[in-house]
There are 2 protein chains.
Amino acid sequence: MKRIAILGSTGSIGRNTLSVVESYPERFQVVALAAGKNLDGAFEQARRWKPRVLSVAAEADADTLRKRLKQAGISGLEVAHGTAGTVKVATHPDADFVVSAIVGVGGLEATYAAVKAGKTVGIANKECLVAAGELISAEARKQGKPLLPIDSEHNAVHQCLRGGKMNEVERVWLTASGGPFLNTPRSEFASITVEQALNHPTWRMGKRITIDSATLMNKGFEVIEACHLFHVPPAKVEVLVHPQSTIHSMVEFVDGSILAQFSVTDMRLPILYALTYPERIQSDMRFDVGNLRHLDFCPPDMDKFPCLRLAYEAAEAGGAKTVALNAADEVAVAAFLEGAIRFDEIPGIIEHAVVASNSDTLQSIVEVLEADAEARRYARKRIKKTAEPRAASV
Amino acid sequence: MKRIAILGSTGSIGRNTLSVVESYPERFQVVALAAGKNLDGAFEQARRWKPRVLSVAAEADADTLRKRLKQAGISGLEVAHGTAGTVKVATHPDADFVVSAIVGVGGLEATYAAVKAGKTVGIANKECLVAAGELISAEARKQGKPLLPIDSEHNAVHQCLRGGKMNEVERVWLTASGGPFLNTPRSEFASITVEQALNHPTWRMGKRITIDSATLMNKGFEVIEACHLFHVPPAKVEVLVHPQSTIHSMVEFVDGSILAQFSVTDMRLPILYALTYPERIQSDMRFDVGNLRHLDFCPPDMDKFPCLRLAYEAAEAGGAKTVALNAADEVAVAAFLEGAIRFDEIPGIIEHAVVASNSDTLQSIVEVLEADAEARRYARKRIKKTAEPRAASV
């Protein structure tokens with residue numbers, strides 16, 4: 001019986017994880033959950049899963065939740081809140097496996113705490129590795145515990161890597177759908193609307209990650225994640241556009257063999273893989289291989305999608321550069337979604353924040369969070385500068 | 001230093017193996033070679049590789065070779081001949097690894113002897129496993145030594161299988177180029193010429209295997225080989241047509257993940273893999289992943305290519321059925337190449353021989369060879385019956 005804690009239990013990955021747990025009650029047990037602001041969702045999960053601890057974001061919500069649970073006659077579970085609550089969930093002594101799925105840097109401290117507490121961690125939170133990859137992966141190595149990727153691409157890489165040893169890896173190939181603007185001429189990028197950018201061809205996801213997929217920044221983040229997860233330099237991580245997103249990623253070995261992984265596009269599959277690794281167990285998520293017809297590929301266009309180039313540059317430089325990349329991207333994407341900047345202005349905002357940040361190695365999560373806040377301030381200032389003259393001229 | 005014996009050293013696989021050995025002189029050493037009728041080739045290999053034993057097919061050739069070597073001042077190597085000579089090479093006490101690459105059932109006894117002598121065997125000879133797969137794989141298991149596939153498809157499967165345990169395998173997917181008649185209407189099969197059939201789209205190979213690729217019998221043999229190599233029933237081995245032959249094969253796991261292997265189409269790659277397994281070493285055989293563009297797939301048409309269906313049926317029945325399948329196919333293909341029968345008459349000849357054979361488990365290589373001879377007689381008789389009325393009517 002594997003005992004599981006979930007950071008971000010009411011989000012998409014959290015709910016998919018619970019769906020996997022539900023399918024295999026003899027294998028998995030939920031011991032701790034960290035929800036966010038979704039109070040109804042948290043209440044339902046408390047009722048259904050009876051975790052030992054359940055954490056929510058705000059103190060007031062925690063109070064409300066305690067009352068509702070009491071009224072419903074549900075007892076024996078501790079309600080916590082805030083970062084302390086999330087850390088409590090992440091380090092719960094009964095948990096063997098922690099799913100890190102809080103979106104944004106909000107999950108950073110708890111994820112690091114889980115790794116430090118010697119838990120096996122399934123990583124679905126991009127920001128953890130983009131912003132604090134060096135700290136987290138160093139700590140995981142120290143603890144001798146694996147970081148198991150839940151992202152479909154990195155999960156695919158993890159599977160392909162079983163075909164050889166780490167020193168036999170020539171390159172990691174991350175596939176990219178190419179986003180909705182793969183075939184849009186660059187000259188039209190200035191007029192891309194929010195609606196167009198939110199229309200991702202293969203995956204249904206949150207708004208920020210959908211925009212990040214449209215700019216290819218998401219793929220850039222994945223390059224950085226791959227470096228930390230698999231201890232390879234950015235030069236050994238390549239991106240290949242594959243519009244069908246059938247092949248999730250590939251590994252090229254030194255002898256010239258390449259292994260590729262594919263499956264249905266269902267997040268429950270990489271979650272199941274991470275939860276059961278090194279075993280594989282029967283699932284009903286079958287890809288109809290016999291009906292495979294066409295797979296297309298092409299190289300990414302870094303001129304058209306400068307965010308990918310920025311990510312490689314930040315990854316090479318290291319230190320606070322990748323923190324700034326992530327922080328400025330989040331701010332720039334929010335500004336685009338609010339209509340403050342154009343789609344093709346996103347890369348420029350990020351580039352300025354990255355250039356302004358330094359590349360000294362960050363020594364602690366506190367330093368990461370400071371660099372994050374600074375990059376956000378910088379990006380906001382830049383957005384103002386970009387947007388104001390336009391607003392004035394309207 | 002791995003010490004290597006090669007059965008079939010002057011053939012295509014043999015020469016490719018020596019090319020690999022040549023590239024890594026610090027890793028591999030040739031200790032014994034079994035050539036066939038190519039006396040000049042055998043002489044050159046003796047001079048270049050100085051094996052401890054070199055075997056040729058005929059006694060007279062062995063005598064000639066001894067004289068030529070003496071004249072050339074080459075000493076210290078034993079020249080042997082016939083099956084006894086091949087077995088001597090296969091079981092040479094100094095050999096760690098035996099490459100089994102003699103085409104046809106002629107390599108059967110020596111390959112079995114190598115396995116029995118506890119050698120690690122790299123299998124490139126199809127007939128060994130099609131005709132005597134049960135005996136050979138049972139013996140390899142008894143010896144606790146792996147059978148390492150050198151065929152590109154099975155080598156790919158072997159690589160993909162590293163992604164899980166054998167009891168986690170849902171299906172093995174062998175890819176097939178589809179041969180030159182993939183898109184030829186069945187109505188034109190009667191008029192297919194030898195020249196058309198010898199024109200394989202992707203691989204340059206011997207005549208028989210090229211015709212076997214055109215009838216899909218080659219893929220049928222590979223299904224049978226896969227069953228023995230990986231201990232899976234025929235129902236768990238599927239064929240998928242993939243005209244580019246980029247992906248060499250795939251493994252589907254119980255959790256729904258599929259791993260696929262691809263590489264350049266160069267036989268030295270699976271040879272290198274087998275010779276170095278479980279390690280992988282650097283090679284210059286690079287597939288340009290960044291230039292990957294389109295991969296196409298479709299299911300095989302068993303009505304158009306009845307040989308594939310026959311192979312599945314023989315594999316399910318077992319015993320002498322697969323021996324007869326292989327033997328009758330060899331005879332039928334030879335008859336087609338000689339112009340005695342039409343392309344579309346090949347499957348019928350084979351089917352009759354398979355139906356006539358029995359499915360009792362074969363207990364020894366002698367029984368395999370007896371069943372092989374009987375099926376050949378049966379097929380020849382059938383060919384006569386098919387061809388004679390036509391010759392008479394001309």
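Note that these values count all heavy atoms, side chains included, but never hydrogens, waters or copies made by symmetry. A note on names: the letters A, B, ... follow the listed sequences, proteins ahead of strands, and every chain is numbered from 1. Model, not experiment: these values are computed from the prediction.
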Flag side-chain contact, heavy atom, 4.5 Å: A/Val99 against A/Ile13: yes

Heavy-atom pairs under 4.5 Å with chain A - which of B/Ser263, B/Gly164, B/Gly163 has more of them than the others? B/Gly163

Quick check: under 4.5 Å, non-hydrogen atoms only, which of residues 274-283 of chain B neighbour chain A? B/Pro278, B/Glu279, B/Arg280, B/Ile281, B/Gln282, B/Ser283

For A/Leu269, which atoms come within 4.5 Å of any heavy atom of chain B: side chain, backbone, both, or neither? side chain

Closer than 3.5 angstrom, by distance alone: can the side chain of B/Asn155 be matched with the main-chain N or O of B/Pro149 as a donor-acceptor pair? yes

ring-ring contact (aromatic ring centres under 6.0 Å, His included) partner of A/Tyr273, chosen from A/His248, A/His154, A/His158: A/His158

Indicate whether the side chain of B/Gln261 and that of A/Ser257 have a donor and an acceptor atom separated by less than 3.5 Å. yes

Under a 4.5 Å cutoff for heavy-atom pairs, which residue among B/Lys165, B/Gln159, B/Glu238, B/Arg286 has the most contacts with chain A? B/Arg286

Could you tell me whether the side chain of B/Ser19 and the main chain of B/Arg15 form a donor-acceptor pair under 3.5 Å? no

Heavy-atom pairs under 4.5 Å with chain B: which of A/Leu272, A/Asp284, A/Leu259 has the most? A/Leu259

Is there any residue in residues 298-310 of chain B with a non-hydrogen atom under 4.5 Å from a non-hydrogen atom of chain A, and which ones are they? B/Cys298, B/Pro299

Measuring heavy-atom distances to chain B, does A/Ile258 have an atom under 4.5 Å in its side chain, in its backbone, in both, or in neither? both

Ion pair A/Asp96/A/Arg3, N-O distance below 4.0 Å: yes

Nearest-0.5 Å distance, CG of residue A/Leu161 to CD of residue A/Glu168: 11.0 Å

Test side chain to side chain contact (heavy atoms under 4.5 Å, CB included) applied to B/Leu240 - qualifying residues, sequence neighbours left out: A/Val289, A/Leu292, B/Trp173, B/Met250, B/Phe297

What residues form a ring pair (Phe, Tyr, Trp, His ring centres under 6.0 Å) with B/Tyr312, not counting sequence neighbours? none

Minimum side-chain heavy-atom gap A/Thr120-A/Pro146 below 4.5 Å: yes

So do A/Leu129 and A/Ile224 actually touch side chain to side chain, heavy atoms under 4.5 Å? no

Quick check against the 3.5 Å criterion: does B/Lys236 have a side-chain atom that pairs as donor or acceptor with the backbone of B/Val169? yes

Assert top hit (heavy-atom pairs under 4.5 Å, partner chain A, pool B/His242, B/Glu170, B/Glu252, B/Arg171) equals B/Glu170

Under 4.5 Å, counting heavy-atom pairs only, tell me which of A/Asn291, A/Asp255, A/Asp296 racks up the most with chain B. A/Asp255

With heavy-atom distances below 4.5 Å as the criterion, would you say the side chains of A/Asp151 and A/Lys126 are in contact? yes

Heavy-atom pairs under 4.5 Å with chain A, option from B/Ala260, B/Ala156, B/Cys160 with the top count: B/Ala260

